[in-house]
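In what follows, a structure is listed as structure tokens, so that the remarks can point back to it.
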Amino acid sequence: MKRRSLSYALIASAIASLLAAPAAMAQSGEIRIAHVYSKTGPLEAYGKQTALGFMMGLEYATQGTMTVAGKKLVVIEKDDQGKPDLGKSLLAAAYNDDKADLAVGPTSSGVALAMLPVAEEAKKILLVEPAVADSITGDKWNKYIFRTGRNSSQDAISNAVALDKAGVTIATLAQDYAFGRDGVKAFKESIKTAKIVHEEYLPTTTTDFTAGAQRLIDKLKDQPGRKVIWIIWAGAGNPFKIADLDLKRYGIEIATGGNILPAMAAYKQFPGMEGATYYYFGIPKNPINEWLVANHYSKFKAPPDFFTAGGMSAAIAVVEALKKTKGDTNTNKLISTMEGMSFDTPKGKMSFRKEDHQAMQSMYHFKVKADPAFAWGVPELVREIKAEEMLVPIRNRR
């Protein structure tokens, strides 16, 4: 009886294996990529650009086949709505239930910070694009995290190029969460000559900037020399409304970094304003950007935007890594492949720094031109700030 029971058990096991085989074979012919981003929520505009750019990037990098090493690329989209807890649970579901081999996203820095431990627990890669906070590749980092998006330090160092001069007094205006606070912290560290006299943090939902602006004015109005309010803001709300309070009466200027084209409509009222940007479609001169601009115009009758380029860069990074591993999605193999890996993007060459997996990349010092042909203030290139010029701190505790 024991022998017969054992035989039945072996037969049952064999049948189960045969039934499972087609599913396993189907999966072995796929590479599953979860894209967790803000399809809705406060950063919806950014998320949708990233998603579009990511799919265009896969198309470009695979020459339209959507395959790598004979394996089909399957993208699983998930909407985190800009909510950290939701992003965290969606990523866990992507790794565990959807059997994602790796993940890309999210849009919000707050969501990203909630997702980092999930990648570590699952022992699978999370390629961060476009969340910016330094802490993502800093003190909250783990070895499964890579980032193609720029970080707060890259933003800050490049913006300091335009503002860090003798006789300049600066007050900062930022959103009160990881993106804003990490951005100001990095900016302060980058300022060596100018003087920072005040930091103003407002809720991400702010629409009335009057009280905050008044505090900024009070700190700056009696300062000698050039006086600047440096703004770091993402998503809803228009902090440039503070210009309506007649800042010129106090000799106060506004400065900021690059942004999406709709947000840069506000820049048009500040011709000559200087800052630095991650991307503007008219600046980089290379074949990938030419392809992106031409195809985006062809499909959407408009230029690609800030985060479209970022999504494309993330997709190219994924495909390049998978090409190098010949389609092998083993996490440790991907990590060793991607550490130090260089790849071409719409911005030119990027390289993942081995120490923290942050993509080293160029930024662009610009000056705003009010051109009647465009609905936004055009960021004309002053100069490209190359990756090797920026001493971006390594902030993790590896």
Side-chain angles (χ1 to χ4, degrees), residues 31-37 47 49-63 65-69 71 73-77 94 100-107 112 115-116 119 124-132 136-137 141-151 154 278-279 284 286-289 291-292 304 306-363 387 392:
I31 296 170
R32 299 172 70 79
I33 305 164
H35 188 193
V36 184
Y37 67 98
Q49 287 180 19
T50 307
L52 173 61
F54 188 73
M55 297 310 293
M56 291 184 75
L58 293 180
E59 179 189 350
Y60 175 87
T62 64
Q63 297 183 312
T65 67
M66 300 299 279
T67 62
V68 177
K71 295 183 178 182
L73 300 179
V74 177
V75 179
I76 305 152
E77 292 195 342
D101 296 296
L102 69 155
V104 176
T107 315
M115 285 166 59
L116 304 187
K124 290 188 178 180
I125 285 173
L126 171 62
L127 176 60
V128 176
E129 176 65 53
V132 178
I136 294 165
T137 43
W141 176 87
N142 63 69
K143 71 175 184 177
Y144 302 98
I145 308 305
F146 286 79
R147 174 159 51 188
T148 45
R150 88 283 187 201
N151 66 13
Q154 287 165 318
Y278 168 81
Y279 175 82
N286 63 67
I288 298 179
N289 193 50
W291 183 94
L292 173 59
F306 201 81
F307 296 104
T308 320
M312 186 175 188
S313 298
I316 291 171
V318 168
V319 172
E320 285 303 304
L322 290 168
K323 282 180 179 177
K324 289 178 184 296
T325 66
K326 297 181 171 54
D328 189 341
T329 57
N330 175 272
T331 299
N332 289 330
K333 193 164 188 177
L334 281 170
I335 290 172
S336 62
T337 299
M338 292 170 71
E339 285 187 339
M341 185 181 84
S342 293
F343 50 100
D344 292 320
T345 77
K347 295 181 57 180
K349 192 174 292 295
M350 289 189 190
S351 300
F352 286 125
R353 186 163 60 180
K354 287 184 180 181
E355 293 85 354
D356 61 359
H357 302 171
Q358 173 62 48
M360 299 292 101
Q361 56 196 282
S362 290
M363 299 288 282
V392 180

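FYI, the numbering just counts along the sequence from 1.
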* Mind running side-chain contact (heavy atoms from CB on, under 4.5 Å) on Y37 and T107 for me, showing each step along the way? => CA-CA 5 Å; Y37 67 98; T107 315; 3.5 Å; yes
* Within the side chain of K143, is there an N or O that forms a donor-acceptor pair under 3.5 Å with the backbone of N332? -> no
* Structure fact -> Smallest heavy-atom separation, A321 atom then L334 atom, equals CB-CD2, 4.2 Å
* Any donor-acceptor N/O pair, N151 side chain to T137 backbone, under 3.5 Å -> no
* Asked: Backbone N or O of T329 within a donor-acceptor pair of the D101 side chain at under 3.5 Å?
  -> no
* To do: Could you tell me which residues satisfy salt bridge (charged side-chain N to carboxylate O under 4.0 Å, His left out) with K333, sequence neighbours excluded, listed by chain and number?
  => D328
* **Cation-pi geometry met for K347 and Y278 (6.0 Å, 45°)** => yes
* Whether W141 side chain and D356 backbone form a donor-acceptor pair below 3.5 Å -> yes
* **Between F306 and Y279, ring centroids under 6.0 Å** => no
* **More than 12 heavy atoms from other groups under 6.0 Å of NZ on K323** => yes
* Polar side-chain atom of H357 near backbone of I145 as donor-acceptor pair, under 3.5 Å -> yes
* List the steps and the verdict of side chain to side chain donor-acceptor pair (under 3.5 Å) for Q358 and R353. => CA-CA 5 Å; Q358 173 62 48; R353 186 163 60 180; over 6 Å; no
* Would one find more than 12 heavy atoms of other residues, nucleotides or ligands at under 6.0 Å from atom NZ of K349? -> yes
* Structure fact -> Separation between CZ (R147) and CD (E129), nearest 0.5 Å, reads 9.5 Å
* Is the side chain of Q49 donor-acceptor paired with the backbone N or O of A309 at a distance under 3.5 Å, no angle test? -> no
* Any donor-acceptor pair under 3.5 Å linking the side chain of Q361 with the backbone of T148? -> yes
